[in-house]
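Read through the structure below, which is laid out as structure tokens, and then see the notes.
Within every chain, numbering begins at 1; the chains are lettered A, B, ... in the order of the sequence lines, protein sequences first and strands thereafter.
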Amino acid sequence: MLGDWKPKEIEPKWQKKWVELGAHKFDPRDAKRPVYSMDTPPPFTSGDLHMGHVLSYAYFDFAARYKRLRGFNVYYPQGWDCQGFPTEVKVEAKFGKKLKPEEFRAKCVEWTDQFISRMRQQMISMGFSPDWDYEYKTMSPEYHRKVQLSLLKMYANGLVYRGEHPVFWCPHCVSAIAKAETEEEQRATELNFVKFVSHETKDGYITIATTRPELLHACVAIFVHPDDNRYRKLVGTHAHTPLYDREVKVLTDPDVDPTFGTGIVMMCTFGDKQDVVWTYRHNLPAIESIDRYGKLLNAGEFTGLKVADAKMKIIERLKADGLLIKQEKIQQTVKTHDRCKKPIELLTSKQWFCKIKGFEEPVKSAARAMRWVPEFTLQYLIDWANYIEWDWVISRDRIFGTPIPFWHCKKCGEIVTPPEDKLPVYPISDAPPLPKCPKCGGELEGEKATCDCWVDSSISPLIISKWMEDEDFYNLTFPATLRPQGTEIIRTWCFYTIYRSLMLTGKPPFKELLINGMVLAPDGKKMSKSLGNVIPPDKLIEDYSADAVRQWTALSGAFARDKPFSYKDIQYAKSFVLKLWNASKFVEKSLEGFDRRKTKGTTLKFRTVDRWMLSRINRLIKSNTANYDNYDYFAIITSVQDFFWHEFCDFYLEEVKHRLYQSEKFGEDSKKATQFTLYVVLLDVLKMLAPIMPHTTEEIYDSIYKVHEGDKSLAQSKWPALYEKDIDEKAEKKAILLNQVLTEIRKFKAEKKMALNADIAAVKIRTLEPELLDDVKEEITEAGKAKKIETSQGDFKVEVAV
RNA sequence: GGGCCCGUAGUCGAAUGGUAAGACGUCACCCUGACACGGUGAAAACUCCCGGUUCGAUCCCGGGCGGGCCCACCA
């Protein structure tokens with residue numbers, strides 16, 4: 001028998017039992033059930049699950065649990081995205097910078113493993129149901145092998161290459177940094193109006209405006225806007241840079257702002273990102289202008305000066321030479337390094353690339369063929385694909401990452417690849433695959449850089465399907481059925497995954513995408529440590545139970561929209577779990593002596609209220625089957641809550657108590673019919689709620705239903721069958737009228753300050769179709785405690801006499 | 001600057017081409033033989049603004065205002 005609801009006992013109990021029962025197992029040998037495979041996001045191993053994880057992973061879990069009930073062979077693996085800069089920072093903080101790369105990497109692995117076990121435990125306490133036999137880590141040698149194999153294959157097809165590329169560089173830290181590590185800062189600076197020699201103008205000069213005169217030596221072109229009539233005749237001519245007298249061409253580009261400065265801009269390698277874009281767009285030469293320490297290169301007499309000094313000296317010189325017309329004070333946004341707050345530069349260096357320019361169309365058309373939930377999120381990917389300016393830089397100057405599996409000749413630059421059966425390789429420490437360069441005999445050097453983390457994660461559907469490892473498994477699980485993920489990584493994870501899958505397998509990686517938004521703090525702002533508004537999921541589980549937290553995620557509504565966390569919603573969720581529990585206790589007690597199996601083949605004497613309940617539950621099964629298929633968890637949870645709380649509990653239970661308690665008066669048959677109805681309705685409700693609140697429903701099932709139904713657990717049972725013929729509009733109409741009458745009686749009692757179970761002498765009911773009440777008079781008498789009922793025809797009105 | 005999403009009672013939010021659920025909060029009352037983390041009621045919304053289509057729009061179209069997110073840019 002059910003006692004008090006104790007989530008802290010039943011939740012861990014079932015989390016353990018499901019594993020023992022193998023309730024979440026994927027069976028690759030099962031040829032009968034259709035496969036439903038899920039390519040879920042491997043979370044970055046930061047050490048703690050945050051509310052965003054909880055929200056999105058709960059949705060994935062709803063899908064997995066629902067599909068299992070529907071008879072699918074669900075493949076739900078869980079991975080971990082391990083390698084990244086934040087881990088390096090933490091390990092460096094703890095162990096210092098002295099470690100050798102191999103030792104440092106080992107410490108990172110050790111550190112990450114600890115984090116994984118913590119996060120795994122958090123997932124388990126949320127009741128998530130991946131098949132842990134298929135767990136993967138991006139830092140494992142096997143994962144490295146697959147990533148490297150994928151790069152070798154793409155290299156063989158000319159899709160991976162080594163080349164020069166600008167990277168964000170911090171001269172202060174002497175290190176390349178990612179765009180994500182940059183910050184922006186407003187500062188005041190001077191806009192300098194500088195004369196370039198030109199033979200096309202009357203005075204022999206054209207004037208450009210620049211905030212970075214120290215880059216004059218790296219100027220390779222001058223741009224004006226194509227529609228700028230002032231300079232139309234200059235286009236295609238040449239000018240000469242001051243101080244260096246380099247000849248540069250005047251070109252047009254729509255990105256030029258004709259209203260800024262003089263409307264003429266000099267392009268240097270590289271003043272800012274726009275210069276990078278122009279370099280690629282107009283195929284311009286790149287001049288190495290600044291070294292790794294922020295000192296000028298190739299700048300004649302100014303070579304070796306730090307950027308700030310050079311700027312001062314160059315401005316002085318321009319003034320002295322009469323080449324500086326004027327200076328204007330302006331506000332400027334400067335990119336800075338988030339750790340040292342010093343301005344960063346763009347430097348070119350040798351990097352590895354994936355060729356994505358030119359493959360936008362195949363990626364877009366593959367994406368268009370997929371089902372996007374919600375639909376508009378497809379646009380995020382299309383927009384991104386349309387904006388790609390250059391190829392994907394896949395190399396990072398890091399240690400804790402997948403090594404890029406190439407060697408190159410120090411002399412001629414020839415690339416040497418390792419044999420596939422030797423993977424994974426660690427070129428930083430391994431011996432080269434060949435003793436010397438096959439082309440020129442020069443010395444081979446292993447690549448020091450590691451892969452961008454998206455290189456790792458963009459083959460997740462290949463990893464989980466055992467690509468190039470187990471062909472049967474691959475055919476069974478690839479492409480994945482579902483790719484659930486957040487909006488913010490459509491441009492990265494999603495785009496790169498589709499691209500890589502097309503390049504490596506010729507097939508799209510998945511069929512459907514489920515896109516979720518972010519959880520905001522209750523104040524509507526992003527949760528962040530610095531704002532102090534972070535809500536830890538563990539605390540919510542502690543205070544409200546995992547089932548309530550899961551239910552809250554379903555209540556959080558639409559996909560791809562950000563949603564502030566609400567304590568009110570989670571409190572309501574908890575109240576509902578308790579309501580379900582208490583009502584189940586009542587049903588359990590009411591079912592004493594009832595055996596579902598013995599009703600088979602017998603005819604039950606249903607009353608109208610029973611038919612109403614059976615009709616409503618079947619309607620819900622119908623609509624919620626569709627809702628689950630559409631991933632509309634909000635519609636499911638709200639419709640079941642409303643039905644269960646306000647129809648089943650508030651009305652039906654009150655309307656049948658007399659039949660349960662006074663069977664000698666109302667008949668055993670009548671009692672049996674209501675027992676049957678209680679049994680069926682609660683069971684179907686449990687099943688509809690099982691994916692969302694699995695622990696509580698499982699415990700109730702275990703106590704009331706297991707002996708009758710035969711399934712070892714609710715998780716291993718079947719989605720409720722739909723009995724369309726039980727949908728009974730007439731019974732619904734009668735029950736609705738009955739409930740209106742009871743409402744009026746309750747209202748009367750409340751007004752008269754009477755107890756709700758107080759007797760009343762008579763009730764007079766006027767209604768348009770009084771005959772509808774014929775079948776429900778017993779309920780009016782018993783639930784309303786009305787001794788006498790009079791009905792008449794007319795507009796609805798209820799009069800009560802004490 | 002570009003793209004996308006959103007704008008409904010104090011708050012959160014659903015639905016709909018025919019003036020609008022529910023929840024929280026507020027107020028009044030009631031411990032109905034499962035539940036006071038319960039029950040019965042009440043008050044509370046000119047569905048952001050302006051046009052258009054329509055017999056009729058909150059829902060469709062156009063414009064505006066306001067909020068959010070992503071991307072780009074600031075020479």
Side-chain angles (χ1 to χ4, degrees), chain A residues 2 4-5 184 186 191-192 208-213 215 219 222-223 255-257 260-268 270-275 277-278 330-335 374 376-380 382-384 386-387 389 487-491 517-518 520 522 524-526 544 548 555-564 566-569 571-590 634-635 638-639 641-642 645-646 649-650 653-654 657-658 660-662 742-758 783-785:
Chain A
L2 296 166
D4 290 340
W5 178 58
E184 295 188 339
Q186 288 287 329
L191 184 60
N192 304 283
I208 61 104
T210 178
T211 55
R212 300 205 65 180
L215 290 177
C219 175
I222 284 174
F223 283 101
D255 285 352
V256 176
D257 177 359
F260 188 93
T262 59
I264 310 177
V265 49
M266 72 167 183
M267 202 244 75
C268 306
F270 293 105
D272 60 34
K273 201 162 169 201
Q274 181 68 58
D275 296 334
V277 172
W278 281 334
I330 59 161
Q331 283 293 313
Q332 181 194 31
T333 312
V334 188
K335 275 200 194 308
F376 69 83
T377 50
L378 166 64
Q379 197 59 36
Y380 289 121
I382 304 287
D383 286 350
W384 175 248
N386 290 339
Y387 269 101
E389 292 272 9
T487 35
E488 73 284 1
I489 51 176
I490 289 175
R491 296 175 159 84
M518 280 197 319
L520 306 175
K525 293 186 180 131
K526 248 185 186 174
Y544 295 94
L555 281 171
S556 289
F559 283 106
R561 228 198 288 171
D562 298 339
K563 165 82 189 177
S566 152
Y567 279 102
K568 195 182 66 195
D569 285 351
Q571 180 56 53
Y572 185 75
K574 187 180 175 184
S575 304
F576 180 68
V577 183
L578 201 63
K579 186 74 182 177
L580 176 71
W581 184 265
N582 284 318
S584 298
K585 268 162 60 178
F586 173 79
V587 171
E588 183 174 45
K589 225 171 67 182
S590 306
F634 181 87
T638 51
S639 67
Q641 280 174 350
D642 282 353
W645 204 318
H646 301 297
C649 293
D650 291 350
L653 293 188
E654 295 303 325
K657 277 178 179 170
H658 65 281
L660 295 165
Y661 296 135
Q662 305 171 61
L742 290 176
T743 299
E744 290 300 321
I745 294 173
R746 285 168 179 171
K747 202 194 280 190
F748 175 86
K749 288 178 177 175
E751 278 164 9
K752 292 285 183 284
K753 306 195 178 177
M754 294 166 69
L756 279 173
N757 60 352
K785 307 281 178 195

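Between B:C4 and B:C12, the distance separating the two P atoms is 26 Å to the nearest Å. The gap from the P atom of B:G22 to that of B:A45 amounts to 15 Å, rounded to the nearest Å. When the C1' atom is compared between B:A34 and B:A43, the two are found 31 Å apart, to the nearest whole Å. Between B:G66 and B:U8, the distance separating the two C1' atoms is 15 Å to the nearest Å. Look at the P atom in both B:A75 and B:C69: the space between them is 24 Å, to the nearest Å. Straight-line distance between the P atoms of B:A57 and B:C50: roughly 13 Å, to the nearest whole Å. B:U40 sits 46 Å from B:U53 when the C1' atoms are compared, rounded to a whole Å. Between B:A15 and B:C29, the distance separating the two C1' atoms is 32 Å to the nearest Å.
A straight line from CH2 of A:Trp384 to P of B:G2 spans 19 Å, rounded to a whole angstrom. For A:Leu756 and B:G33, the CG to P distance is 10 Å, given to the nearest whole Å. One interatomic measurement links the two molecules: CZ of A:Arg212 to C1' of B:A75, which rounds to 10 Å at whole-angstrom precision. Atom NZ of A:Lys749 is separated from atom C1' of B:C29 by 14 Å (rounded to the nearest Å). Rounding to whole angstrom units, CZ of residue A:Phe586 and P of B:A34 are separated by 6 Å. Here the P atom of nucleotide B:C74 and the CG atom of A:Asp255 are 9 Å apart, to the nearest Å. Rounding to whole angstrom units, CG of residue A:Asp569 and P of B:A14 are separated by 11 Å. One atom, CD1 of A:Ile490, and another, C1' of B:C5, lie 12 Å apart when rounded to the nearest Å.
For A:Glu654, the side-chain atoms get nearest to B:C35 when compared with the rest of B:C73, B:A75, B:C35. In this structure, the nucleotide among B:A23, B:A75, B:A72 sitting nearest to the side chain of A:Lys273 is B:A72. In this structure, of B:U40, B:U11, B:G3, it is B:U11 that holds the atom nearest to the side chain of A:Lys568. The nucleotide whose nearest atom lies closest to any side-chain atom of A:Val265 is, among B:G33, B:A34, B:A75, B:A75. With B:U40, B:C5, B:C74 as the candidates, the nucleotide lying closest to the side chain of A:Phe376 is B:C5. In this structure, of B:A34, B:C71, B:C29, it is B:A34 that holds the atom nearest to the side chain of A:Tyr661. In this structure, the nucleotide among B:C35, B:C70, B:C73 sitting nearest to the side chain of A:Asn582 is B:C35. Proximity note for A:Lys753 (side chain, C-beta onward) versus B:C29, B:A75, B:A34: the nearest is B:C29.
Looking at heavy-atom distances under 4.0 Å, A:Met266 makes contact with sugar-phosphate atoms alone, never a base. If you check every strand for non-hydrogen atoms under 4.0 Å, A:Cys649 touches a base. Residue contacts shown for A:Phe260 include a base, since a base heavy atom lies under 4.0 Å away. Residue contacts shown for A:Trp645 are limited to sugar-phosphate atoms, with no base heavy atom under 4.0 Å away. Residue contacts shown for A:Leu653 include a base, since a base heavy atom lies under 4.0 Å away. A:Ala583 comes within 4.0 angstrom of a base, heavy atoms only. Among the atoms of the strands shown, base atoms are found under 4.0 Å from some heavy atom of A:Val256. Heavy atoms of A:Ser566 sit nowhere under 4.0 angstrom from any nucleic acid atom.
Evaluation of the side chain to side chain contact (heavy atoms under 4.5 Å, CB included) rule for A:Asp642 yields A:His646 as partners, not counting sequence neighbours. Residues forming a side chain to side chain contact (heavy atoms under 4.5 Å, CB included) with A:Glu654 (at least two apart in sequence, or on another chain): A:Lys657, A:Arg746. A:Arg212 pairs by the side chain to side chain contact (heavy atoms under 4.5 Å, CB included) definition with A:Thr210, A:Glu214, A:Leu215, A:Ile290, A:Val307, A:Glu345, not counting sequence neighbours.
Look at A:Thr743 and you'll find a side-chain N or O under 4.0 angstrom from OP1 or OP2 of B:G41. For A:Lys657 and B:A34, the shortest distance from a side-chain N or O to OP1 or OP2 is below 4.0 Å.
Residue order along RNA chain B, read from the 5' end via each residue's closest nucleotide, puts A:Lys585 first among A:Asp650 and A:Lys585. Residue whose closest nucleotide on RNA chain B sits further toward the 5' end, between A:Trp278 and A:Lys747: A:Lys747.
Where RNA chain B pairs in unbroken runs of 3 or more (Watson-Crick or G-U, both distances under 3.5 Å), the stems are B:1-7 with B:65-71, B:10-12 with B:22-24, B:26-30 with B:38-42, B:48-52 with B:60-64.
A heavy-atom distance below 4.5 Å is not found between the side chains of A:Leu555 and A:Phe576. The shortest distance between side-chain heavy atoms of A:Lys785 and A:Lys749 falls below 4.5 Å. A:Gln379 has its side chain out of reach of A:Ile490: every pair of non-hydrogen atoms, C-beta onward, lies at least 4.5 Å apart.
Non-hydrogen atoms lying under 4.0 Å from RNA chain B are contributed by A:Ser575, A:Leu578, A:Lys579, all within residues 573-580 of chain A.
The CZ atom of A:Phe586 lies 5.5 Å from the CG atom of A:Leu660; values are rounded to the nearest 0.5 Å.
At distances below 3.5 Å, at least one donor-acceptor pair connects side-chain atoms of A:Asp275 with backbone N or O atoms of A:Asp272.
Residue pairs meeting the side chain to side chain donor-acceptor pair (under 3.5 Å) criterion with at least one member in residues 571-581 of chain A: none, sequence neighbours excluded.
A:Glu588 and A:Leu2 make their closest contact through OE1-N, 2.7 Å (heavy atoms, listed as atom of the first residue, atom of the second, distance). The shortest non-hydrogen separation linking A:Thr377 to A:Thr487 is CG2-CG2, 4.4 Å. Of all heavy-atom pairs between A:Ile745 and A:Gly784, the closest is CG2-O, 3.9 Å.
We find that the ring of A:Tyr380 and the base of B:G3 do not stack by the test of centres under 5.5 angstrom and planes tilted less than 30°.
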Notebook entry, point to check: Do A:Tyr567 and A:Tyr544 pass the side-chain contact (heavy atoms from CB on, under 4.5 Å) test, and can you show the C-alpha distance, the side-chain angles, and the key distance before you say yes or no?
Noted result: CA-CA 10 Å; A:Tyr567 279 102; A:Tyr544 295 94; 3.6 Å; yes
